[in-house]
Structure formats: C-alpha cells, structure tokens
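First up is the structure itself, then whatever we jot down about it.
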Amino acid sequence: MRKELDKNYHPHLEEAIYQRWLEKNYFHAEPDGSREPYTIMMPPANITGQLHMGHALTFTIQDVLIRRKRMQGYNTLWLPGTDHAAISTEVKIVDSMIKEGLTKKDLGREGFLARAWKWKEEYGGTIVRQLKSLGVSCDWDRERFTMDEGLSRAVLSTFIHLYEKGWIYRGEKLINWCPHCRTTISDAEVEHEERDALLYYFRYPIEDGGENENAWIEFATTRPETMLGDTAVAVHAEDERYKRLIGKTVTVPFVNRSIPVIADEYVEMGFGSGVVKITPAHDPNDFAVGERHGLNRINILNDDGTLNGAAGPFAGMTRLECREKITREMKRLGLFVKTEPLRHAVGVHDRCHEIIEPMIKLQWFVKMEQLAKPALEVYQSGRLRIFPERFGKIYMRWLENIRDWCISRQLWWGHRIPAYYCQGCGQTVIALEAPQTCPGCGHGVFKQDEDTLDTWFSSALWPFSTLGWPDKTKDLAYFYPTDVLVTGYEILFFWVIRMIFSGLELMGEQPFRDVMLHGIVRDEFGRKMSKSLGNGIDPLKVIEQYGADALRLMLLTGNALENDTRFFEARLETSRNFINKVWNATRFLLLHFDGEEPDENLSALTVMDKWILTKMNQLTAAAAERMDRYDLGMAAQMIYDFVWDELCDWYVEMIKPRLYDPANAEKPTAIWTLKTVLTTALKLLHPYIPFVTEEIFLSLQDREETILLSAWPVFQKKYVFPAEEKAVERMKDVVRKIRAARLDMNVPPAKKIRVILVSADLDIRTFFTGARSAFALLAGAQAVVIQPDRSGVDAGAVSLVADGAVAYLPLAELVDFEKEIERLNREIKKLAVEMSRAQAKLSNEGFLQKAPPELIAEEREKWNKYNTMLAKAEEQKNNILLRASC
RNA sequence: GGAGGCAUAGCUCAGCUGGGAGAGCGUUCGCUUCACACGCGAGAGGUCACAGGUUCGAGCCCUGUUGUCUCCACCA
C-alpha cells in the first residue's frame with residue numbers, strides 16, 4: 001500500500017485516530033490469568049475542572065508508561081475517573097445559586113443535592129472530553145466517580161470498619177475552622193502564609209494589687225479580640241519578674257472575668273513581655289495549656305467568624321472590627337501599651353485563603369497512630385519505592401508527626417457520615433443504613449449525622465474501590481495492587497499517603513509498587529499558572545494549533561520530570577519540527593518504496609546498514625533503561641537525537657545513491673534497513689507521540705492494524721556490528737573535515753571536487769571502496785580515489801588527517817597556500833593539546849597505579865592515535881612549504 | 001524555627017553509580033543539494049555561584065559561604 005503524504009505534517013488527523021482506537025476497544029482490559037497485568041489508577045479529576053497544563057503533564061506521563069507496557073505485551077489497565085471534590089464543587093454551586101438569589105437554606109438538603117447532581121451531569125463530562133483530546137489510552141468503560149453507588153458503599157464500609165476497630169471516634173477537639181466555607185478542614189488543608197501583623201501590648205489589672213503601683217500585668221498578642229475568651233494568663237515559673245504573681249487573679253475587661261495567673265513551661269521568657277494570655281478555645285497552644293491546668297474553654301466566635309454572645313459588647317462584630325474596637329477601648333481604659341510590627345505566619349484555608357480560626361467542635365476523627373505505622377514500614381523495608389527519592393524523607397517525616405485526621409465536614413456535597421443518633425436514649429449507631437430500632441432503648445426514631453466526609457476519605461480508597469471493593473471481585477484479585485501511582489508532589493500528603501495506609505489496612509497490601517512524583521508546569525517567567533494571575537496556558541488551544549503530539553513531547557523533554565518546567569512556545573515549535581522531521585523521513589522512504597516488501601537478509605547488509613542497525617540497537621537498550629526508572633525525558637531525548645542526527649542527517653543521506661539508482665543491487669537492503677530502523681523509532685516514539693506514529697506506521701505496512709499493539713523493540717544480538725560502527729564513525733569524521741575544509745577554502749557547495757583517500761590499512765580501504773558512492777555524496781565529490789599511499793597526489797593538496805586515513809583534496813587552482821598552512825597549524829596545535837592531555841595522565845604515577853587498567857590502555861591508545869595523526873599533518877605541512885618555495 | 005531543592009553557553013534546561021563539558025532556542029557564515037526552510041552544512045560561545053576538603057582524577061562526593069525557590073512548623 002502506498003499513501004501520498006503531505007509535505008508537512010498536520011495534526012488534524014488526531015481526532016479521527018482516537019475515535020478509531022475507541023471503536024476498536026484497544027484500551028479496555030479484562031482480567032486474564034494468562035497475561036501479566038500492568039495497572040495505573042488515574043488520579044480522579046475534579047468534576048468541575050477544566051483541562052490545564054498540570055493535567056496534560058501528569059496524564060501524558062501515565063499514558064507513556066501505559067502505552068509502552070501495552071506494547072510490551074502486558075494486560076494494561078489505566079482506570080480513569082472523576083472526583084466529587086466536596087468543598088470546591090459545593091462552593092461553585094453555592095456561587096451559582098447566589099446569582100439566582102438562592103441560598104442553601106432555600107433549597108434544603110434534598111434540593112441542594114438534586115441541584116448538585118444536575119451540576120455534575122452538566123459539567124462532569126467536560127474534563128473527560130478534554131482529556132480525550134490529549135490522546136490518553138485509558139479504559140473509559142471503567143470510568144468511575146467517587147460518589148458512584150459502589151464507591152459510596154466502599155466509603156461507608158471503611159468508616160464502619162475503622163469505627164469498629166476504635167480508630168474512628170467522635171470528639172470535642174480544637175479543629176481548623178474556615179469562617180468563609182463554614183466548615184472544618186484537616187491540618188493538611190491549612191496553608192501557612194507570611195503576613196505583616198501587629199503585636200499588641202496590653203495590660204490586665206491585677207486584682208488585690210492594691211497599693212502596689214504595678215497593679216497590672218503586661219502581655220503581648222497578635223489577636224486582641226481573643227482576649228474575650230481568655231481564661232488565664234501564663235508566665236514562666238522561673239521568671240523573677242512574675243514569680244510573685246502566680247496564683248493571683250487578673251481581670252479581663254469588658255467581660256469582667258477574673259482569671260488566674262498560672263505558671264507553664266510553654267511560656268518563653270524572652271518573647272514579648274514574657275506573659276501569655278491563654279485562650280483555650282481558640283489556640284492550639286492555649287488549648288494544651290488549658291488541658292494541663294483545667295481551664296474553662298470559652299468560645300467567642302460564631303461559625304461565620306463574627307463574635308458571639310460571649311463577647312459581650314462586641315457581639316456581632318467581625319474579627320477585624322472587634323480587634324480595632326478593643327484596641328480603642330483598651331486605650332481609653334489606659335490598658336494599651338504599644339504595638340510592634342511583626343511578620344509571622346498565619347494559617348489560611350488552601351482553597352479560599354481565609355484565615356483559619358481554631359475552634360472547639362464536636363467532630364469525627366481518624367486515629368492515625370496505628371494506621372501510620374505500616375505505611376512507614378512499607379517504605380522503610382523497600383517494598384514501596386518513591387521517585388524521586390528525596391520525597392521519601394518528606395513522606396516519613398509527615399507520617400512520624402501525623403496527628404489525628406479530622407474527617408467531618410459541614411457540607412452537603414459528599415458522603416454523609418453513617419452515624420445515627422437515637423432520639424430516645426441518644427445512643428450512636430454506625431451502620432450502612434438507618435437502623436429500625438435502637439439496640440439500647442428500642443426507640444425507633446433516629447437522626448443521621450448532618451455532616452459529610454472529607455473528600456480525601458473517598459479518594460484514599462481509589463486504587464481498590466474502583467475495582468469493586470468491598471466485594472471480592474475478579475478485577476480486584478487480578479489488577480490489585482497496581483503498579484505505579486503518578487501524581488504531582490503537591491498532593492503527596494492529601495492523597496498518596498492516605499491511599500497507602502488505607503490500602504494496607506483494608507486490602508492488607510500496598511496499593512502500588514511505585515510512586516512517581518513530578519513537578520508542575522509554570523509560565524515562561526517561572527510563575528505558577530493560576531486563575532488569579534491569568535497566566536494559564538490552555539492545553540486545548542495548544543492542541544488545536546500544534547497537535548497533542550507536539551504538546552506531549554514538549555512536556556516531557558528538556559526537563560527532568562521531578563523538576564518544575566516552564567512553558568515556552570519555542571519548545572513547542574521544537575517538538576512540532578521534530579514530528580515533521582519524522583513525517584518527512586517517512587515520505588522519503590515511501591518515495592522510493594515500490595511496495596515490494598524486502599526480507600531481512602543480514603548477509604546483504606552494507607557497512608552503513610550495519611552501522612545504523614547497531615546504533616538503533618544501542619538506542620533500544622539505553623531508552624529502555626531510562627524508561628524503566630521513569631526517566632522519560634532522557635529517553636525521549638535519546639530517541640530524538642537518534643532520529644534526527646543519526647537516521648536523518650547521516651543514514652538517509654548515505655543511502656541516497658542506492659535509492660536513486662533503480663538498478664542498484666543494494667537498493668532493497670537499503671529500503672529494508674530504513675524501514676526497519678524507522679519502524680523501530682516509531683515504536684519507541686509511540687508512547688510520546690501516539691497519533692503521528694500511528695498514522696505513519698499504518699502507511700508503512702498493512703500487516704498490522706495498529707502500532708498500539710505492535711511489539712515493543714528489544715535489544716537484538718544479531719544487530720551488533722562493532723567493526724562497522726567504528727568504520728562509519730571514521731567516515732563521518734572524514735566527511736565533516738572535508739566539509740569544513742571546503743567552506744574554509746571557499747569552495748562553493750555546488751562545486752564537485754576530487755578526493756583521494758589514503759590509508760595503509762586494507763580494511764579501511766575496503767570499507768571506503770564499499771561506501772564510495774555514499775562517501776562521495778556526503779563530501780560533495782565527483783570522484784573518490786582510494787589508494788594505499790600518497791603517490792601521485794599533488795603536494796599542494798589540502799590534506800585532512802583522520803584516525804587511520806588521510807583525505808587529500810587536490811584543489812590546486814583554488815588553494816591559498818598560506819591559508820592551508822594556517823589551517824594545518826591549527827590542526828597540529830589541536831592534536832598537540834590532545835596529546836599533552838593524554839601525556840599528563842600517563843606520566844602521573846598515581847594515575848598509573850590507581851586508575852583502572854582499561855582506562856590507562858585507552859589513554860595510551862589515544863596518545864598513539866594522535867601521535868600518528870600529528871606526524872601526518874606535519875609531513876603535509878612540510879610538503880606544502882617545500883612546494884611553495886619552488 | 002526546622003528540612004530540602006536549585007545555582008552549568010546570551011535564554012530555558014540536560015548531565016546515570018567521579019575518568020576528555022551537552023541539547024533546544026538565539027547568534028555568525030554558507031546553501032532554492034530532487035524527504036523536510038517546521039530544512040541542510042560549518043562555526044562562535046562555558047574559571048560548571050564562591051571558598052575550602054577528600055581523590056591519581058571533582059560539574060558530580062564532603063564542609064562552609066552567598067543567592068534563589070519550595071515544603072514543614074502550635075512561639076503569644
């Protein structure tokens with residue numbers, strides 16, 4: 001079959017190719033005991049999301065891994081899906097309701113959820129459609145959503161399982177409260193931002209301070225409004241300034257509360273005034289101090305962050321209003337001392353960046369101690385590998401310092417907590433469904449907990465809930481554990497760690513062998529792409545202009561994957577140009593390919609064929625090695641270099657004489673070799689640039705129906721030809737020298753010259769004889785004479801010294817003797833430098849004693865080689881000098 | 001306050017277990033060579049941040065310094 005290919009590659013074909021893959025069902029996987037599985041769980045995309053560069057990067061990496069394994073014959077499953085993304089989705093829906101003048105209260109829980117599901121139906125498909133344009137080869141038949149019936153059952157089962165083990169409990173603890181989203185959030189969702197603030201110095205009057213002029217105690221705080229919840233003032237027990245005050249009481253103004261002065265280790269004498277006001281209900285440290293001293297906890301905040309009734313005259317104000325008002329009032333009372341600027345970190349919600357208020361609330365928690373241990377062990381023992389390795393330390397540290405996980409959220413969009421409270425006796429029943437009668441009192445009326453679960457509680461189960469857990473399915477038995485989890489390093493804590501301890505606990509086995517963490521895509525200035533900056537690049541627009549192949553290739557090359565990468569239009573063009581190069585190499589082949597499929601015939605191969613096959617073989621091995629350790633960028637770079645430099649710039653040029661001559665006996669081998677090497681390159685490239693490689697592959701042959709299922713290239717012993725490799729490298733060296741000399745001597749490119757190649761070595765002469773026509777073409781020669789010595793060569797010819805051979809260009813009428821002497825001098829100087837470098841090593845005692853013998857031998861060989869070449873150059877220089885003097 | 005990453009050609013970045021500095025873009029010169037100007041050929045351009053150390057040998061290993069980025073963290 002022959003196809004006319006366009007002069008340039010156009011990516012318009014991508015959509016049709018993808019459609020065909022889907023129709024053929026290539027991406028679908030079923031358990032098959034006769035084949036080994038290879039599984040990747042796609043990190044579920046947020047249903048409200050739009051495809052961004054981060055997606056493009058992570059999914060391209062996964063697709064490369066999956067496509068390669070598929071070609072290697074594995075039964076590959078790449079399972080896609082979407083995440084309900086509790087908070088972000090709920091916030092978006094609420095925002096959309098505001099435009100209609102509606103609130104959650106107006107709709108009620110049922111009504112809100114109905115609207116949320118409608119929202120999901122409407123927008124949930126967008127991200128999936130966009131993903132397809134990237135070319136991802138995942139099994140869409142198995143697409144899952146975290147709130148699917150099955151996955152929801154997994155969530156509830158997990159909750160019950162952990163509850164029964166005593167690892168889920170409900171308790172009144174200090175939690176992170178987001179006044180904007182009006183929900184608790186976990187520690188992992190709190191970000192710390194450096195902000196400029198003021199450190200306020202205030203005084204509390206000491207009760208019965210009486211006659212003493214120090215009738216007050218001075219303290220410092222960054223949050224004056226919290227004084228309304230103070231239940232103590234703490235000093236250090238050893239602090240001479242305050243020792244005598246311990247045990248006395250002071251008054252909190254405005255609320256007229258008497259609170260004790262206590263001693264606690266937590267206070268640092270050097271900071272501020274050495275006195276800390278204690279607000280157990282709104283600060284983690286103070287909470288701990290309060291526990292040690294049995295202090296009251298006074299909540300002064302409403303859920304929206306305004307002050308509540310406990311704040312007395314300040315009730316109803318926002319935190320900031322209250323802070324200002326209190327400061328004014330303290331001034332009026334003469335209790336204000338000063339303020340100092342202070343730069344410190346404040347905790348904010350990672351979604352909305354609202355300042356987090358610590359509050360005491362009754363919430364559900366997962367006890368982490370017992371869950372964290374096996375997760376640590378699985379890494380320490382080497383059963384879990386993390387790439388790049390440095391994240392291992394971060395993984396360990398986080399698990400070692402982990403605190404209990406607050407999992408309840410005051411949201412409606414999510415999995416509702418399966419806790420039912422008996423309205424008769426108050427007993428809590430944890431069950432999949434609402435109980436009929438209370439086991440305690442026999443009462444029949446229950447009220448389910450209003451809260452839903454942290455969105456990560458469900459995604460933590462993703463590697464097995466998607467395969468049917470808690471049922472014991474065939475899918476689970478076959479595909480679990482999965483092979484590698486690929487994701488950005490920013491969700492290591494949120495997701496990766498939680499999947500690991502969940503898998504270990506619930507499945508008894510780690511969810512994946514490897515974790516591969518990659519960086520993020522930044523804009524051309526190195527800034528994070530973000531909505532607020534408006535600097536995001538839309539992958540869909542890029543795909544439209546350059547094609548998904550170009551985008552994919554660009555994202556994986558020129559950067560180590562673990563590092564952040566910058567998005568440059570220029571790099572995109574580089575990728576596009578490369579794809580065009582591959583395209584045109586194919587055009588070239590098809591131009592000379594009459595459809596006759598030549599057979600492999602190793603004995604008919606020329607030296608040049610053997611050379612490119614050897615190079616191809618080396619590439620296959622080297623690329624495999626890189627890909628096995630997830631070094632996809634380096635592997636791509638190697639393939640790129642091979643295709644462009646070796647295959648296109650050299651091999652294709654070398655075989656032109658054989659192809660242009662229809663009667664050439666070596667034409668079929670050239671065709672066979674080019675086709676073999678090109679096909680191998682296409683296969684190696686397919687994971688990176690799936691569309692164009694498929695298109696080309698199909699145009700080159702009609703035995704296989706897709707490249708996607710073709711056999712992955714492997715290293716083959718029969719394609720190892722070291723002698724031929726060396727011979728062609730020598731020829732390349734001579735050619736490069738001739739080209740440079742021509743330019744140097746101002747020989748026009750079109751001007752054909754004569755070349756006399758002299759070598760005393762019969763093998764070398766034989767090789768050049770065999771490659772004569774290719775050599776002539778590459779060097780721009782009309783005739784090439786090969787002889788054992790320089791007899792008959794004009795003394796003034798330009799001479800180019802190579803390893804084992806000298807090429808003479810008799811350019812008599814063109815040559816400028818002085819210029820040639822100059823050139824030879826340069827050459828001699830270069831060789832002398834090389835020699836002295838080798839000499840320095842070889843005359844170093846230490847080197848001779850301690851360096852590996854093969855390295856020493858290598859240096860000796862180099863020295864000899866350069867020495868011979870230098871002698872040849874000197875000889876030629878003398879010849880010219882002699883002739884010039886005539 | 002801890003921990004880690006990065007500093008290599010004008011720009012963006014590669015450089016595996018230490019053994020003669022690489023790519024892409026840009027730049028200079030020359031090319032309508034019948035696959036490709038999204039191209040071909042030939043160049044120029046680097047004290048590998050700085051200071052020490054280990055080693056026969058350091059861009060790579062160790063220590064420190066400077067700059068820069070990130071993560072973690074309950075000092076009011």
Side-chain angles (χ1 to χ4, degrees), chain A residues 5 7-9 174 191-192 199-200 219-223 226 234 266-268 270-279 283-289 342 344-345 347 358 388 390-391 393-394 397-398 401 489-490 492-493 519 524 526 546 550 557-560 562-566 568-571 573-592 622 625-626 629 631 633-634 637 640-641 648-649 652-653 656 660 735-736 739-744 746 748-750 777-778 780 834 837-838 840-841 844-852 855 858-859 862:
Chain A
L5 297 187
K7 189 168 151 189
N8 284 324
Y9 173 66
L174 199 68
E191 263 176 22
H192 290 90
L199 186 60
Y200 297 79
F219 60 91
T221 179
T222 51
R223 296 190 297 162
T226 60
Y266 153 69
V267 181
E268 249 185 66
F271 189 91
S273 61
V275 181
V276 185
K277 59 190 261 329
I278 302 297
T279 324
D283 184 278
N285 295 310
D286 295 6
F287 182 83
V289 173
L342 180 75
H344 72 151
R390 68 186 142 94
F391 285 105
K393 268 180 263 172
I394 298 175
R397 260 233 321 247
W398 203 75
N401 299 319
Y489 56 69
E490 73 275 9
L492 178 64
F493 305 135
E524 61 176 313
Y546 293 92
T557 48
N559 248 96
E562 71 246 38
N563 290 340
D564 290 350
T565 183
R566 293 192 195 189
F568 283 103
E569 189 97 0
R571 287 182 47 204
E573 282 172 17
T574 301
S575 296
R576 190 237 2 229
N577 294 352
F578 174 71
I579 290 166
N580 190 240
K581 191 76 182 173
V582 177
W583 179 258
N584 272 289
T586 312
R587 275 185 70 213
F588 174 78
L589 172 59
L590 291 177
L591 225 57
H592 299 94
E625 198 253 326
R626 307 301 165 132
R629 51 186 165 86
D631 196 353
M634 186 48 80
Q637 190 62 51
Y640 178 103
D641 290 343
C648 291
D649 285 349
V652 165
E653 295 303 317
K656 276 181 177 173
Y660 289 156
V735 167
R736 272 193 282 253
R739 285 170 175 171
R742 290 177 58 120
L743 262 174
D744 208 26
N746 296 318
L777 184 85
L778 294 168
E834 296 295 348
R837 185 173 300 171
K841 283 200 173 183
N844 181 332
E845 273 304 309
F847 180 75
L848 293 175
Q849 274 171 21
K850 297 188 178 176
L855 199 72
E858 209 177 288
E859 289 300 325
K862 279 183 204 167

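Proteins come first, then strands; the chains are lettered A, B, ... in the order of their sequence lines, and each starts at number 1.
- Within the 4.0 angstrom heavy-atom criterion, only backbone atoms of the sugar-phosphate kind lie near A:Arg736; the bases stay farther away.
- Pairing of B:rC6, defined by two Watson-Crick or G-U wobble distances under 3.5 Å, is identified with B:rG67.
- Among the atoms of the strands shown, base atoms are found under 4.0 Å from some heavy atom of A:Ala345.
- Counting only distance, with no hydrogens or angles, the side chain of A:Asn584 and the backbone of A:Lys7 share a donor-acceptor pair below 3.5 Å.
- Using N1 to N3 plus N6-O4 or O6-N4 for Watson-Crick, or N1-O2 and O6-N3 for G-U wobble, each under 3.5 Å, B:rU55 pairs with nothing.
- A:Arg390 comes within contact range of the sugar-phosphate backbone alone, with a heavy-atom separation under 4.0 Å but no base atom that close.
- Using cut-offs of 30° and 60° for the angle between ring planes, the A:Phe391 and A:Tyr489 rings count as parallel.
- Checking the phosphate oxygens (OP1, OP2) of B:rG30, no side-chain nitrogen or oxygen of A:Asn746 falls inside 4.0 Å.
- Nucleotide B:rG46 has no partner under the Watson-Crick or G-U criteria, as no pair reaches both atom distances under 3.5 Å.
- Nucleic acid contact class of A:Tyr660 (heavy atoms, under 4.0 Å, all strands): sugar-phosphate only.
- Judged by distance alone, with hydrogens and angles left aside, the side-chain atoms of A:Asn401 form a donor-acceptor pair with the main-chain N or O of A:Arg397 at under 3.5 Å.
- Under 4.0 angstrom from either OP1 or OP2 of B:rA35 there lies at least one side-chain N or O belonging to A:Lys656.
- Remark on RNA chain B: of its neighbouring residues A:Ala220 and A:Arg397, the 5'-side contact belongs to A:Arg397, judged by nearest-heavy-atom nucleotide.
- Using a 4.0 Å heavy-atom distance criterion, A:Asp649 is classed as a sugar-phosphate-only contact.
- For the pair A:Lys7 and B:rA37, the criterion of a side-chain N or O lying under 4.0 Å from OP1 or OP2 is met.
- Aromatic ring pairs are classed by plane angle as parallel below 30°, tilted from 30° to 60° and perpendicular above 60°; the pair A:Trp398 and A:Phe493 is parallel.
- At a threshold of 4.0 angstrom between heavy atoms, the contacts of A:Lys862 include nucleobase atoms, whether or not backbone atoms are also involved.
- Nucleotide B:rG26 forms a pair with no other nucleotide shown, judged by Watson-Crick or G-U wobble geometry with both contacts under 3.5 Å.
- Backbone-only contact: A:Gln637 has heavy atoms under 4.0 Å from sugar-phosphate atoms and none from a base.
- When both pairing distances are held under 3.5 Å, B:rU17 makes no Watson-Crick or G-U pair with any nucleotide shown.
- At distances below 3.5 Å, at least one donor-acceptor pair connects side-chain atoms of A:Arg739 with backbone N or O atoms of A:Leu778.
- A:Phe271 comes within 4.0 angstrom of a base, heavy atoms only.
- Remark: A:Arg626 is not in phosphate contact with B:rC16, judged by side-chain N or O atoms under 4.0 Å from OP1 or OP2.
- For the OP1/OP2 pair of B:rA14 and a distance below 4.0 Å, the side-chain nitrogens and oxygens of A:Asn563 include at least one atom meeting the criterion.
- Nucleotide B:rC60: unpaired (no Watson-Crick or G-U wobble partner with both distances less than 3.5 Å).
- In this structure a side-chain-to-backbone donor-acceptor pair under 3.5 Å is missing from A:Arg571 to A:Gly558.
- The side chain of A:His344 places no N or O atom within less than 4.0 Å of a non-bridging phosphate oxygen (OP1 or OP2) of B:rC75.
- Heavy atoms of A:Ala585 sit under 4.0 angstrom from at least one base atom.
- In this model, a side-chain donor or acceptor of A:Lys581 finds a partner on the base of B:rC36 within 3.5 Å.
- A:Asn8 comes within contact range of at least one nucleobase, with a heavy-atom separation under 4.0 Å.
- Across all strands shown, A:Ile394 has no heavy atoms under 4.0 Å from either base or sugar-phosphate atoms.
- Counting non-hydrogen atoms under 4.0 angstrom, A:Glu268 reaches a base of the nucleic acid.
- Take the nearest nucleotide of RNA chain B for A:Arg739 and for A:Met634: the residue whose nucleotide is more 5' is A:Met634.
- Counting non-hydrogen atoms under 4.0 angstrom, A:Phe493 reaches the backbone sugars and phosphates but no base.
- Judged by distance alone, the side chain of A:Asn559 and the main-chain N or O of A:Asp564 form a donor-acceptor pair under 3.5 Å.
- A:Val652 comes within 4.0 angstrom of a nucleotide base, judged by non-hydrogen atoms across all strands.
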